[in-house]
Amino acid sequence: MSLLAPPFLYLLAAVLIPVLGSRSRALLLLLVPVFGLISLLSYGYGNHLVIPMLGFELTFVRLDKLSQIFGIIFSIAAFLAAIYAWHVDDKIQQMATLVYAGSAIGGVLAGDLITLFLYWEATAVASVFLIWARRTPASYATGMRYLIIQVLSGVLLLAGLLLHYNDTGSIAFDHLGLVSLGTWLIFIGFGIKCAFPLMHNWLQDSYPAATVTGTVVLSAFTTKMAVYALARGYAGTEILIYIGAIMTLFPIFFAEIENDLRRVLAYSLNNQLGFMVVGVGVGTEMALNGTAAHAFCHILYKALLFMSVGAVLYRTGTSKASELGGLYKTMPVTMVCCLVGAASISAFPLFSGFVSKSLILDASVSNGYYIVWFALVVASAGVLSHSGIKIPYFTFFAHDSGKRPAEAPMHMRIAMIITAVLCVFIGVFPGALYALLPFEVDYKPYTVSHVLSQMQLLCFALLAFVFLMRNGLHPPEERGVNLDSDWVYRKLAPGLMPAIVNAIASTVTSAQSSAKDAVVSFTRRVAGISRPGGILSVNWGVNSMVLIVTVMMLIVLLFNFS
Amino acid sequence: MIADQLPALQIVIPMLAAPLCVLVKRSNACWAIALVANVLVVINAFALLHQVRTDGVIRYALGGWAAPTGIEYYVDTMNAIMLLLVSFISCVTLVFAYTSVKKTVVTGKHYLFYAAWMLCLTGLLGISITGDAFNVFVFLEISSLATYMLLAFGSDRRALTASFRYLIMGSVGASFILIGIGFLYAATGALNMVDLAQRIPDAESQRAVLVAFSFLTIGLMIKAAVFPLHGWLANAYQHAPIAVTAFLAGTATKVSLYVLLRFFFSIFGPNYSFGAMLLNVVLLPAAIVGFLLLSLVAIFQTDLRRMLAYSSVAQIGYIVAAFCLATQSGLTAGIVHIINHGIIKTALFMSVGCIIYRVGHAHIGSLDNLMKKMPLTVTAFIISGLGLIGVPLTVGFISKFSLIGASLERGWWMVGALVLVSSLFAIVYVGRVVEIMVFRSSRTDTPEPTGMREAPMSMLVPMYVLIGISLWFGISGSTTLSVASEAAAALLGGYQ
Amino acid sequence: MTDKPAKPIDDKQEYTPLAKRFLWADSSSAVERVIFYLSVTCTVLFVLDFIIHRHAYAPGEGIPGFYAVVGFVAFTLIVLGAKQLRRVILRNEHYYSPFSVDAENYPDAGLDKQQYQSSVDDTHDVKREGG
Amino acid sequence: MKLYRRQRHRVLQIVTKLIIPFVLLFALYVQFHGDYGPGGGFQAGVIFASAFVLHGLIFGLQRTRQVITPSMLRVLMALGVLIYLGTGIVSMLLGGNLLDYDFLAHDPKHGQHWGIFAVELGVGVTVTAVMISLFYSFASKR
C-alpha cells in the first residue's frame, strides 16, 4: 500500500516507462496524476509512512491543509501537462516528467528536512532532462547552469539542515525562522529555488531553453515547491515581505523589453512569485491563505500561458515576439485561451487571479505595510503590461507576420481549454478554491469597491497602453539578448575581468601588459593544467613521480620531527 | 570444525586456484576454477563477517604458533568488511571478465591471466586479514606483482609502460612500507600488530619509531594513490584490460587505505598519529587539494577511463579527509565511502568496459547518441554516475552526507564546504558524458558503425548486480552505516 | 530555413468561425471604435469613483481616481522605464552564443510545423515544413 | 684437428657432465637436510637450478630446453605451490590450523618433521622451476 503513496506512485510509474510502448506511455502519464490525487485524498490529516532511513525517522507523507492544497494543484498540473504532451514520444522526457512531478509532490508532503532534501535534489536532477531534451549544444550549456544552481540550492539546504540538526537535534520540518546559521542556509537554499532577486536568473535562463512541453511542466513545480517550503518554514519572516516586493517589481521591466515570449513568461512567473513571497512574509492566516490560493491559480494560468505560447512555438518554430503577429486568424482557439490566461494573470474580475491576488493585497494593507502594498498595486499594473497585453497582443494581433500556422493539435487544444475553464471557474466561484485553503476564509472578493478599484486600475492601464502605442512610445519588439544579473557569471566571470584589468592597467601603464596577461591567462591556465597534456593530467614520468615522493617525504619528516 | 578454519580458507582457496589454473591451462576451465574459488571466498567472507559480528574478534594462529611468536590472522569487523568487499567485487568482475578477456587478452595466455587474478585476490585478501605487520608486506608484494602482470595484459602497447611505471612506483611504495616495518621491528622487537600496538607507547619517543611512521605514511600514500603521489594510477587504469581496471578500482586502493587505517589507528593509535605526529597536517591538505584539483582535472579528460581514474583519486581524497577527522563519525564516513565507492566505481568501469567492448574505444567526444544503441549500458552509467555525484537515494549520498555531518561535528566547516564544491565538479564531469551519450545526436560525417548493439548479457548482469546493490545501500543506508560504525568503533578502541 | 509560405493562404472566407469574429482587429476603424469604448468605460469608472464610496484601507486610497491615476501612471512609467533599461542592457542575440538558446532555432525534431489549410480540406493534405 | 662447432668445448662439456650429478645431489642434500641443519627449499632450489643453468651455458639453451621444457617448468611451478598448500590443507583436514604440522603424525615431533619436509619440498620445486624459467627468459634472444 505504501508504494501507492503519491510520490512513490510517480517514481514507480517512471520505472515502467522504458518498457512500455509509445501510446501506453502517454496514457500512463495521464493516469498517474489521477491515481496520485486519489491516493493523496485517501490519506487522513497527520503523519503517514514514517520510515527509518539513514538513522533517522523519515516522514514521507505529512498531510495537513497546507500540504494538501499544494499536492492537489501539483497533481492537476501534472495531469494537464500530460494531456498537453500527449504527442511527445520521448522516453527521457516522459520519465523526467514523472520523476519531477512525483518528487515535487513528495517535497510538499515531506514531514522532515531530510525527506524534503531528498526530493529537493530529485526535482533538480529530473527537471534538467526537460531542458537537455531539446538536444542542442546551447540547451546543454543552459541545462548545466540550471543544474549547478539547483544542486547548489540543495547543497545549501543540506548544509543548513545538518547545522540545524546539530543545533537542535531535530530534523522536523516545521516553522524554522531565521534564528541560526543553519536556518539561514536553509532559507537561502529555498530562496534560490524561489528565484529571489539576484538568484533568479536560472529561471529566465532555463525555461525558454526547455522543450515545448517541458516548459509547461517546469513552470508548475520547482518554484511553487519553494513557496510551499517558505510558507512552512518561514511564515511571518519580515524580510520576505521586502524581498517579495522587490521580486514583484523588477522583473516587470525586464519582461517588458524581452523578445522571447517564453522568457517574458519566466519573468512574469518571477513577478507572481513575489506576490506569494509577500504573503508568506506577512504570515497571517489571511496572507498564507492568499499565498496558497495564488500559487494554486498561478500554476493554472501560467501553465495556460506557457501552453499557448508553446503551441505557437510548436506550429511556427519560434516564440520570439518580433517574428510573430496576426496569428489569431489561424489559431483562434489558442488565442482565446491565451486571452483567458492573460486576463487571469492580470486579475480581471471573474478570472482566477482576481480572487487570489486580492487576498495578499488585503493582507498586506491590513497589516500596515502600505509601501509594500503600493508596490504590489504598481506591479499589478505591470503584470497587465507584459503578460496581459504583450503576450496575446504581439503574438496574435499587432502587425501581421504573414505566418499562417495551423491551429494547435487537438490534445493541446483540449489541455488549454480545460485549463482556461478552470481559470474562469475559480474566478466565478471562488468559494470552491477557498474551501481548500489552509485556514478558515472569511473574505468576499466581489465587493463593489473592490471590483471598481481593480477595473479602474486595469482600464486606465489599458488606456495608457493605447496612449503609448499611439504616440510610438511603446518599445518595439526587437531581437536581442537582455542582460540580467546572470551576466556576472556568464560574461564577467568567464571573460574574467580583462576589461577591469584593462581599465586599471591603462592608468598604471607600466603594469598594463603583464597584469592583463596574468588575469586573462589565469582562467586559461586552470583549464590548461587540467586538460589532457596539462601538467596535472599528463603522464608523469617515473623521475618526476619519484621526485614528488622525495619532496613529500621531506615534508612529512619536517612535520614529524618538528 | 570448518567454522574455525574460515580465516585460513579465505586465503587458501584463491591461492589454490592459481596453480590449478596454470596446470589446467584451458581458458574456459581456468575461468570456471577461478570463479568457483571466488564464489567460495565470497561465501567464506560473508560467514566471517557474520561470525565476527556475533562472536567478536577472531584470532587464527597459523601453524598453531600462538600470537607474538607466530603469524596470526586477526579478523574484526573492519577487515571482515574489507574481505567481503574485495572478494565480492572480484567475483562480479570475474564474471564480467569472461567475455571481455576473450577480446583483449591473447588467446594462449588466458590461464596466466586468471592465475594472476587469483594471486592478486590472494594478496589483497591476505593484506586485509593478516595480523602481522611483515605479513602485510608479503601479501602486498604478492598482490602488486600479480597486478603488474594483469596490467601488462592490456591490448595497448602503452599498457607495458603503464605497468612498468606502476612497478617502479609500487616497488618504491612497498620498500617504504618495508623500511617502516623494519624500523618498527628495530624499535619494538615486535611484528605482530597487537603486540606492536602494546609496545609502541613505550617506544614512542624513539627516533626509529618516528622514522618508521614517516616511511609508512609515504609508502601507504603511494599505494593508496593519495593526491600528489597518484601519478601511476591514471595510466594504469586507462591501459589495463578493462575488467582488471574495474577489479583494481574497486579493491586495490581501498585495501591500501585499509592498511593505512590499521597502522595509524590500531597500531599507532589516533592520539599518536593525529595528535603527536600531526598526520593531518600532511594528509588533510593533500586529500583536500586532491579531491578539488582532480575533480577539476576529470572534467577536462577526453578518455572515459582516464576521467574515471582521476575521479577515483578525488574520491580517495574524500576518504582520506574523512580519516583525518579521526573521530568515530569521521571514520564511519570514510569506511562507508570505501564500500560505496568500491561498488559504484567498479560498476562505472564495467559500463565503460561494455562501451569499449562494442564501440572499441572510450573517447568521450565520439560516444554521441550511445543511448539509442546501448540503452542498458548507458542507463547503468547514469545511475552509477549519479552515485558518484552523490545524488540522494544513491550510495554516494550516504557517504557524502555522513562525511559532511562528521566534518561539521568536528567543527571543520571548510572541509564539508569543499566537499560540496567538488561535488559540483562531479556534476559537471558526469553530466558532460551523460549529455553526450544521451542527447547529442550522431554526427553526420562519421559513418554509423553498423550492427552496434547492447553489450552481451555476461557483462550486463554483473554490472546490474552491482548497481542493484548500490541502490539498495543507497536507499537503506543504515545497513552499511551500522556495520561501518562498528568497524570504526573497533578501530578507535584499539586492540582488545 | 524560412517559415514563410510561398503564397500565404489568405482567403478570409476560409478562416474558422471563431477566427472570423476577430477579423475586426485588422480594420483600423474597428480598432478606433474599440478604443472609443475603452475611453467611455474609463470615464464611467472614473465618474463612478465619485459616486460610490470605496472602502479605503491605505492612506490616500480613498481619494477618488486613485486607482485610475496609479494605473495610468504606473503603466506609462513602467513602459518608459523599460525602454530606458533596454538602452543599457540590450545586446546582440549572439552575445552569449553558443551557450544560450537565444540565437538558435528550436530544433525541428520537436516541432510539427504546419501551414494553415481551410478546414474543409482533409488534414492529410496539410503541407508540412521543416522536419 | 678440425673441431665441429658442437665439439669446441669438449673438455668443458665432459667436465660439466661429471659435475652436474654432484650439484644435483648436493641440492638434494641441502633440501632434505634443511629441517636439521642449514638449508631448505630456497637454497636447494637455487642450487638445483644452477645445475641446469650450467648445462644451458655449456650445451646451449636448445638442448637444455629439451632436457626440461618450459611447459614442464610451468607445471613444476604450480606443483610446488600445490605441495606447499596441500600440506597446509592436510593439516587442516587432520584437525589443526593451517600448516599446523603437529597433526600430521601421531607424535607432534614427527609431525613437525614431516610437515617441514613437505613444505620445503614444495618450496624447492617451485624455486627450481622459477629460477630455470628466469634463466630461459633472460637467455633467450627474444
Side-chain angles (χ1 to χ4, degrees), chain A residues 134-139 141-142 208-209 211-212 252-253 256-257 260 313-317 328-330 332-333 336 365-366 370 373 377-378 381-382 385 397 402-406 448-449 452-453 455-466 468 473-475 478-483 490, chain C residues 3-5 8-10 15-16 18-19 22 25 35 38-39 41-42 45 48-49 52 54-55 57-59 67-68 70-72 74-76 78-83 85-86 89-93 95-102 104-108 110-117 126 130:
Chain A
R134 178 175 175 143
R135 296 185 165 85
T136 64
S139 77
T142 312
T211 58
V212 170
I252 297 173
F253 294 94
E256 190 57 37
I257 51 175
D260 188 333
L313 171 62
Y314 187 68
R315 283 301 194 214
T316 65
Y328 78 91
K329 292 167 186 157
T330 55
V333 177
V336 169
V365 78
S366 55
Y370 297 123
W373 167 79
V377 171
V378 170
S385 76
F397 303 99
K403 288 193 169 66
R404 294 287 178 270
V448 174
S449 72
L452 181 60
S453 53
M455 282 310 287
Q456 270 188 11
L457 185 78
L458 295 174
C459 286
F460 274 86
L462 275 173
L463 203 61
F465 174 69
V466 173
L468 291 165
L473 292 171
H474 198 278
E478 277 178 38
R479 298 188 71 118
V481 170
N482 290 310
L483 304 185
R490 292 174 67 183
Chain C
D3 291 328
K4 279 193 179 172
I9 308 145
D10 229 354
Y15 293 158
T16 56
L18 185 60
F22 286 89
I35 292 172
L38 177 66
S39 316
T41 318
C42 286
L45 285 170
L48 273 180
D49 219 17
I52 298 171
R54 278 190 292 107
H55 197 70
Y57 298 94
Y67 280 99
V70 169
F72 193 88
F75 193 101
T76 314
I78 286 168
V79 171
L80 295 181
K83 214 173 159 183
L85 181 68
R86 169 181 276 181
I89 63 169
L90 183 68
R91 293 291 184 279
N92 185 293
E93 254 188 340
Y95 186 71
Y96 288 128
S97 65
F99 302 114
S100 170
V101 292
D102 295 288
E104 68 176 26
N105 287 314
Y106 193 93
D108 282 338
L111 299 179
D112 185 14
K113 284 196 252 179
Q114 289 183 4
Q115 290 300 316
Y116 174 75
Q117 285 272 305
V126 163

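What's counted below: heavy atoms across the whole structure, side chains too, no hydrogens, waters or symmetry copies.
For Leu80(C), the part sitting under 4.5 Å from any heavy atom of chain A is the side chain, from C-beta outward, and nothing else. Heavy atoms closer than 4.5 Å to chain C are found in the side chain of Tyr370(A), but not in its backbone. Looking at Ile35(C), the atoms closer than 4.5 Å to chain A (heavy atoms on both sides) all sit in the side chain, from C-beta outward. Of the two parts of Val333(A), the backbone and the side chain both hold a non-hydrogen atom closer than 4.5 Å to a non-hydrogen atom of chain C. For Val212(A), the parts sitting under 4.5 Å from any heavy atom of chain C are the backbone and the side chain alike.
Here the OG-CG distance, from Ser453(A) to Leu45(C), works out to 10.5 Å after rounding to the nearest 0.5 Å. Asp49(C) contributes atom CG, which lies 13.0 Å from atom CE of Met455(A) (distance to the nearest 0.5 angstrom). Note that the CZ atom of Phe253(A) and the NZ atom of Lys83(C) stand 14.5 Å from one another [nearest 0.5 Å]. Rounded to the nearest 0.5 angstrom, Thr76(C) OG1 and Phe460(A) CZ are separated by 11.5 Å.
Here the closest non-hydrogen pair linking Leu111(C) and Leu313(A) is CD2-O, 3.4 Å. Across Leu38(C) and Cys459(A), no two heavy atoms sit closer than the pair CD1-O, 4.3 Å. Between Tyr328(A) and Phe22(C) the shortest heavy-atom distance is CE1-O, 3.1 Å. In terms of heavy atoms, Arg134(A) sits closest to Pro107(C) at O-CG, 3.1 Å.
Ranking Ile257(A), Leu462(A), Leu452(A), Thr136(A) against chain C, the residue ahead of the rest is Ile257(A), based on heavy-atom pairs under 4.5 Å. Of all the listed residues (Gly81(C), Ser39(C), Ala68(C)), the one sharing the greatest number of non-hydrogen pairs under 4.5 Å with chain A is Ala68(C). Chosen from Ser366(A), Ser385(A), Ala381(A), the residue pairing most often with chain C at heavy-atom distances under 4.5 Å is Ser385(A). Ranked by non-hydrogen atom pairs under 4.5 Å with chain C, the options Asp260(A), Val377(A), Val448(A), Leu463(A) are led by Leu463(A).
At least one side-chain heavy atom of Phe75(C) sits under 4.5 Å from a side-chain heavy atom of Leu468(A).
A search for side-chain contact (heavy atoms from CB on, under 4.5 Å) contacts involving Pro137(A) returns nothing, not counting sequence neighbours. Qualifying side-chain contact (heavy atoms from CB on, under 4.5 Å) partners for Pro405(A), counting only residues two or more places apart in sequence or in other chains: Arg315(A), Thr316(A), Leu327(A), Thr330(A), Met331(A), Lys403(A).
Remark: the backbone N or O of Ala82(C) is not paired with any side-chain donor or acceptor of Glu256(A) at under 3.5 angstrom. Using a distance-only test at 3.5 Å, with no hydrogens or angles considered, no donor-acceptor pair links the side chain of Tyr106(C) to the main chain of Ala209(A).
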